[in-house]
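Below is one structure, written out as structure tokens; comments come after it.
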Amino acid sequence: MKLSEAKKRIEELRKEINEHNRRYYVLNDPIISDFEYDLLMNELETLEKMFPELITEDSPTRRVGSDLTKEFVQYRHKYPMLSLSNTYSAEEVMDFHNRVIKVAGKDVEYVCELKFDGASISLTYVKGKLERALTRGDGYSGDDVTQNVLTIKSIPHELPAGDYPEEFIIRGEILMSRPVFNELNKERAAEGLPLFANPRNAASGTLKLLDPKIVASRKLECFLYYLLGENLPCDNHYGNMLKAREWGFRISEHMRLCKSIDEVMEYINHWDEARRDLIFDTDGIVIKVNSLALQEELGSTAKSPRWAIAYKYKAEQVATRLLSVDFQVGRTGTVTPVANLQPIHLGGTIVKRASLHNADQIELLDLHYNDTVFVEKGGEIIPKIVGVDTSKREPGSKKVEFIKTCPECGTPLIRIENEANHFCPNYLHCPPQIKGRIEHFISRKAMNIEGLGEETIDLLFNEGLVRNIADLYELKKEQLIPLERMGEKSAANIIASIEKSKNTPYHRVLFALGIRHVGETIAKTLAAEFPDIDTLISADIEKLTSVREIGPKIAASIVNYFEDKDNREIIARLKSYGINFRSEKETPEEISGKLAGKTIVISGVFSRHSREEYKEMIEKHGGKNSSSISSSTSFVLAGENMGPSKREKAESLGIPIISEDEFLKMLE
Ligand code: IVH
């Protein structure tokens, strides 16, 4: 290769890698697999080795990708936060080992750990208190995400007394477990929000949210794997990790001390399979030299330490043929392309379909019908197409084009600027959108109407019995009975459940309407700010955006929804059937005044009703809930295991303690 050719290719690679870094670290929306990324990086490294005169300090081979954003305050890392060098081959692990023993002059101990796939975090503790949490940033400075990190249960705010240094830094990975990730994406799908591609993106996206309350609801977790500071308790990594565990940090139970490189290889082989049973994604193994003195001797390059290496597992990939592409229309009208494939075995299951995400992805792959495609199962449940074997492309094969009109109703599709998805704007009359909206309306977290599944909604829609959510309230038992697989009893249950749903709290009704971008949390905020639906309908963009958490996008979506004549008609009908469109706080639905003027503290575990139900009962009977006991407490409603300090306080103030049964008797 000539110098000029190398220069050109190096520039191309740097540009491409920098863009992938931005997508990965800042947007949390990567479009290539780690393996493909590592291939690009490898090529750049090789070229830079061949032409050292072309190396520049800002080359991505010398710097870690940056996650810095303008939303957070930045602080410098006391010790730079480096990356790890990667390998996909056992031979290269052996090369690493040989380099290490050459410096050590003898055999060495290693610590093997799982390579967690999340977002790295650096925590500074001073006098046992968490002082600051920084993201990796560009390796030298990180974003201050302390407020978000404080919501993560596995990160201690304050350590109990222990033999830790006055000041130390502990680093680790913030993760989202697969079950939490699946649940989150399910909720996002129901709210019409874009889905996270995998738990890593969800974890790092969540860490950068501006509202710690939402962060708290996302149930992030954290494993720590690196202790830094001046007066560390041990002269080896393993000992320091055991100490950190003693101090209260979560250290993975899968960390192993390996006495030889053979034990390291055994660890690698074991986790290749076993990692599938973990609830957290791991993309490899980290091998670290145990002795801190040897670590220091080996030193670091600008980008990564020479005393550690990551062995990465290659995501399982197979080649198969693309048969056709379906375009599916979701509840909010988003159109998702799905590839139909020649069925093939992959990771223990037969794969017939793969996600294609959106038009950009199809374009990027330059996909043609009948192409031989590479399918990969990463952290995601749905496999994805990661590449095309263009050498096998049949001449004259047709390019896959994104459709222009809705496959369900024929309406021309729309793509909003800067958004990846196309969607069908025929909100009111596009069948999957109508059915999806009804399904959302009746779902557990919305109106919780039982007995109506997807199939029954399909039947009701096809029979013309239900065309919108308001029609549900006009259904008669006699109309349901003749439907397939419907008996008299199930029909009666459905009607009863529809009737019961009229008492659903206002914020859940707002969520149930299925307004784009109005999820459970936003619905609660709206219900608190706009005590009834009419105030909300008359709110303009300015009024809406003055509410915390509501930005211009959500505000526009709400205004759009209520501007629609048909939507307003549906709401008027729902109102006429007695659906609850008012905040309960404003007009507490009082059953009696039996507890009027009483301030009640609830404590302990109950068997006949839940705590929440008791709280509600107190309010409905005119009483007030309070969380702490004082002289103004009227009585304590106590279940099993009432806290001893609460009991003591109540007794010292002479406040009566009442059991569940006694309380229920009071209200009879
Ligand atoms: S040690 C200087 N240990 O992998 C070495 N890193 O690709 C510091 N990671 O930035 C890192 N699991 O975010 C270490 N057990 C583990 C890890 C781990 C995941 C991440 C970490 C790091 C990245 C490097």
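Counting starts at 1 for both ligands and their atoms, in listed order. No hydrogens, no waters, no symmetry mates; every other heavy atom, side chains included, goes into these values.
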| Is it true that Tyr125 and Phe249 have ring centroids separated by less than 6.0 Å? | yes
| For Arg306 against Val100, the heavy-atom pair lying closest together | O-CG2, 4.4 Å
| said: Starting from atom 13 (O) of ligand 1, what is the nearest protein heavy atom, named by residue and atom, and what distance separates them? | reply: Glu173 OE1, 2.7 Å
| Looking at ligand 1, does Leu114 have a heavy atom less than 4.0 Å from it? | yes
| request: List the steps, then state whether side-chain hydrogen bond (donor to acceptor under 3.5 Å, both in side chains) holds for Asp67 with Thr135. | output: CA-CA 8 Å; Asp67 68 52; Thr135 66; 2.8 Å; yes
| task | Check each of Arg256, Lys288, His97 against Tyr110 using the side chain to side chain contact (heavy atoms under 4.5 Å, CB included) test, and report the only one that passes. | result | His97
| request: Determine whether the side chain, the backbone, both or neither of Arg171 has a heavy atom under 4.0 Å from any heavy atom of ligand 1. | output: neither
| request: Can you figure out which of Phe223, Phe116, Trp307 has its heavy atom closest to atom 12 (N) of ligand 1? | output: Phe116
| field | 4.5 Å side-chain heavy-atom contact, Arg218 and Thr151 | value | no
| said: What protein heavy atom lies closest to atom 8 (C) of ligand 1? Include the residue and the distance to one decimal. | reply: Tyr226 CD2, 4.0 Å
| query | Can you tell me the protein heavy atom closest to atom 5 (C) of ligand 1 and the distance? | reply | Leu84 CD2, 3.7 Å
| query | Does the side chain of Arg275 pick up a donor-acceptor pair with the side chain of Thr282 at under 3.5 Å? | reply | no
| task | Give a yes/no on ligand 1: does Met81 have at least one heavy atom closer than 4.0 angstrom to it? | result | no
| task | Decide if the gap between the ring center of Trp247 and the ring center of Phe168 is smaller than 6.0 angstrom. | result | yes
| said: Students should be able to answer this: which protein heavy-atom is nearest to atom 10 (O) of ligand 1, and at what distance? | reply: Arg136 NH1, 3.3 Å
| task | Starting from atom 2 (C) of ligand 1, find the nearest protein heavy-atom neighbour and note its residue, name and distance. | result | Pro305 CG, 3.4 Å
| request: Pick one of side chain, backbone, both or neither for how Val286 approaches ligand 1, counting any non-hydrogen atom pair under 4.0 Å. | output: side chain
| query | Out of curiosity, is Ala310 lining ligand 1, as in a heavy atom under 4.0 Å away? | reply | no
| said: Tell me whether Tyr225 has any N or O atom under 3.5 angstrom from an N or O of ligand 1. | reply: yes
| said: Out of Lys312, Lys115, Glu113, who is nearest to atom 23 (C) of ligand 1 when you count heavy atoms only? | reply: Lys115
| said: Whether the Ser260 and Asp262 side chains hold a donor-acceptor pair (N or O, under 3.5 Å, no angle test) is what I'd like checked. | reply: no
| said: Among all the protein's non-hydrogen atoms, which is closest to atom 3 (N) of ligand 1, and how far away is it? | reply: Lys288 NZ, 3.0 Å
| field | Pair Phe223-Phe280, ring-ring contact (aromatic ring centres under 6.0 Å, His included): steps then yes or no | value | CA-CA 11 Å; Phe223 283 106; Phe280 294 105; 5.5 Å; yes
